[in-house]
**Q** 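After the structure tokens below, expect a handful of questions from me.
Just so we're clear, the structure is a prediction, and the values are computed from it rather than from any experiment. For ligands, and for the atoms within them, numbers begin at 1 and follow the listed sequence.
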Amino acid sequence: MAEILSADMALERAAALLAAGETVAIPTETVYGLAADATNGEAVARIFETKGRPRFNPLIAHVSDMAMAERIAVLDPLSRKLADAFWPGPLTLVLPLREESGIHPLVTAGLDTVALRMPKGFGAEVVRRLGRPLAAPSANSSGRISSTTAEAVATDLGSRIALIVDGGPTPVGLESTIVKVEDGAVRLLRPGGLSAEEVEKVIGNPMLRGSAGAVVAPGMLASHYAPAARMRLDAAEVWPGEALLAFGPKRVRAAENAVAVANLSEAGDLREAAANLFSHMLRLDRSGATTIAVEPVPKHGLGEAINDRLARAAAPRDKPLAEE
Ligand code: AMP
Ligand code: MG
């Protein structure tokens with residue numbers, strides 16, 4: 001069962017666990033977050049494992065100050081104005097990711113944008129103490145409602161995590177509002193704890209609603225995370241000219257034919273495989289092979305989300321697969 005520590009006692013212990021790659025439930029002003037070091041792929045994979053999330057949707061990265069935000073992402077003037085007005089607070093900005101951000105690709109689901117937020121209180125303190133951003137979706141198992149008290153987190157996830165930091169009931173009680181600046185206009189991607197009216201008062205214009213083009217939400221398009229190469233799933237052998245995305249210690253037939261090989265996990269460990277998924281797909285894509293053969297990956301545990309992402313990458317381009 002998870003240890004529960006009051007927020008005013010928990011800073012050092014939480015930071016130590018996070019530095020060691022563990023997940024910790026932390027209070028934020030919105031809802032309780034299940035936090036992990038956003039620069040550590042296996043730590044981020046534990047978030048999905050702990051929540052039992054069947055999909056690798058992108059997560060919000062939490063920062064302690066503007067300097068950290070600027071090291072991770074590029075803030076245009078309008079995004080900076082919103083950050084000045086509402087950070088720390090329940091507003092998340094989707095921003096272009098910097099090349100050397102250090103953010104692990106599992107946080108962004110391989111996208112070239114990142115969702116950033118500066119929380120108030122314990123969330124910001126623990127990020128500052130750790131010196132690294134924290135990925136943190138709501139601290140509840142997949143499909144359940146977000147937890148707004150430490151007791152609710154304990155009931156739902158207590159057997160799966162080492163530490164729950166109790167900061168009392170969360171003041172906002174709703175997830176953050178997510179916006180993205182597009183060509184000088186602000187699009188509301190998800191309504192949340194900061195009202196649209198408050199945002200609009202600052203920008204002086206109504207926000208754009210709904211989705212741009214066909215992309216309703218990240219991950220909704222079947223091919224959203226697709227590499228340029230074709231993906232051939234559950235391959236039993238490698239065909240000439242193909243690259244190979246491998247899994248586990250044993251190779252499929254004719255693996256020696258592969259023009260490039262990347263193994264998601266030599267040991268067959270699904271957490272390691274999840275952490276490697278996006279970077280390995282990208283690496284093989286850059287090898288120039290027109291097709292990537294993919295060895296079978298088990299479907300249990302994190303394997304469900306890995307297979308979901310592989311199926312999206314392999315799907316015909318621009319066809320919706322399933323909703324998030
Ligand atoms: P949460 O589980 O509350 O952390 O939710 C994170 C939300 O942020 C999800 O709805 C994601 O779809 C959204 N999100 C995260 N990163 C991005 C991104 N790069 N672009 C657009 N939406 C994002
Ligand atoms: Mg949630």
Side-chain angles (χ1 to χ4, degrees), residues 23 25-36 38 44 46-63 69 72-76 79 82 89-98 101 103-119 123 127 133-149 152-153 156-157 170 172-182 186-194 207-221 224-225 278 305 308-309 312 320-324:
T23 56
I26 61 165
T28 81
E29 70 273 56
T30 57
V31 297
Y32 275 75
L34 184 63
V44 177
R46 278 181 211 269
I47 291 178
F48 291 93
E49 195 174 31
T50 303
K51 287 181 63 99
R53 261 202 189 170
R55 296 230 170 91
F56 292 130
N57 49 343
L59 305 175
I60 297 170
H62 295 75
V63 298
I72 294 170
V74 182
L75 281 91
D76 59 277
S79 293
L82 289 170
L91 177 72
T92 296
L93 298 169
V94 173
L95 299 161
L97 183 66
R98 285 190 197 277
S101 69
I103 294 286
H104 191 275
L106 197 52
V107 175
T108 60
L111 298 171
D112 57 7
T113 54
V114 62
L116 285 191
R117 181 167 99 79
M118 189 192 298
V127 171
L134 287 176
S138 54
N140 52 270
S141 42
S142 184
R144 301 265 183 90
I145 57 163
S146 303
S147 295
T148 57
T149 63
V153 179
D156 186 5
L157 299 177
T170 58
V172 176
L174 285 176
E175 284 83 357
S176 62
T177 298
I178 307 180
V179 303
K180 182 182 186 202
V181 173
E182 294 172 357
V186 181
R187 184 175 296 277
L188 179 63
L189 296 180
R190 178 179 79 182
L194 178 70
M207 282 193 280
L208 305 172
R209 310 291 167 111
S211 56
V215 183
V216 179
M220 273 190 64
L221 267 191
H224 198 81
Y225 306 102
F278 292 103
D308 171 77
R309 187 53 66 230
R312 284 168 197 280
L321 193 70
E323 308 225 346
E324 281 292 272

**Q** Start with the C-alpha gap between Ser147 and Val31, add the side-chain angles, then the distance that decides, and say whether side chain to side chain contact (heavy atoms under 4.5 Å, CB included) holds.
**A** CA-CA 6 Å; Ser147 295; Val31 297; over 6 Å; no
**Q** Would a 4.5 Å heavy-atom cut-off, applied to side chains only, mark Ile72 and Leu97 as touching?
**A**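 Ile72 reaches Leu97 side chain to side chain.
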**Q** Measuring only between side-chain heavy atoms, which start at C-beta, is Ser141 closer than 4.5 Å to Leu157?
**A** yes
**Q** Can you confirm whether more than 12 heavy atoms, excluding those of Arg98, are under 6.0 Å from its CZ atom?
**A** yes
**Q** Between Leu59 and Arg53, is there a side-chain heavy-atom distance shorter than 4.5 Å?
**A**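 When only atoms from C-beta onward are counted, Leu59 and Arg53 do touch, with a gap below 4.5 Å.
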**Q** Would Arg190 count as a polar contact of ligand 1, with the cut-off being nitrogen or oxygen pairs under 3.5 Å?
**A** yes
**Q** Do Leu34 and Phe48 come within less than 4.5 Å of each other through their side chains, counting heavy atoms only?
**A** no
**Q** Are side-chain heavy atoms of Ile178 and Val94 found at a separation under 4.5 Å?
**A** yes
**Q** In Å and rounded to the nearest 0.5 Å, what is the CG to NE2 distance from Leu116 to His62?
**A** 9.5 Å
**Q** Check contact between Thr108 and ligand 1, using heavy atoms of the residue and a distance below 4.0 angstrom.
**A**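 False for this residue.
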**Q** Distances under 2.8 Å only: what protein N/O/S atoms are near the Mg ion (ligand 2), ordered by chain and residue?
**A** Ser138 OG
**Q** Output the list of atoms in ligand 1 that are nearer than 4.0 Å to some heavy atom of Pro137, sorted by atom number.
**A** 2 (O), 4 (O)
**Q** So if I count the atoms of ligand 1 from 1 in the order they appear, which ones are less than 4.0 Å from some heavy atom of Thr113?
**A** 18 (C), 19 (N), 20 (N)
**Q** Record the part of Leu111 in heavy-atom contact with ligand 1 below 4.0 Å; permitted values are side chain, backbone, both and neither.
**A** side chain
**Q** Where the closest heavy atom to atom 15 (C) of ligand 1 is concerned, which of Ser138, Ala115, Ala109 has it?
**A**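 The nearest heavy atom belongs to Ala115.
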**Q** Say whether Asn57 and ligand 1 are in contact under the criterion: heavy-atom distance to a ligand atom below 4.0 Å.
**A** no
**Q** Side chain or backbone of Ile178 under 4.0 Å from ligand 1, or both, or neither, by non-hydrogen atoms?
**A**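 Side chain only.
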**Q** Quick one, Met118 and Val63 - any side-chain contact, counting heavy atoms below 4.5 Å?
**A** yes
**Q** When you look for heavy atoms under 4.0 Å from ligand 1, do you find them on the side chain of Arg53, its backbone, both, or neither?
**A** side chain
**Q** Taking NZ, NE, NH1 and NH2 as the nitrogens, is one of them in Glu29 or Arg117 under 4.0 Å from a carboxylate oxygen of the other?
**A** yes
**Q** Taking heavy atoms and a distance under 4.0 Å, where does Lys180 meet ligand 1: side chain, backbone, both or neither?
**A**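 None of Lys180 does.
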**Q** With a 4.5 Å heavy-atom cut-off, do Phe56 and Asp308 have their side chains touching?
**A**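 Contact flag for Phe56/Asp308 side chains = no.
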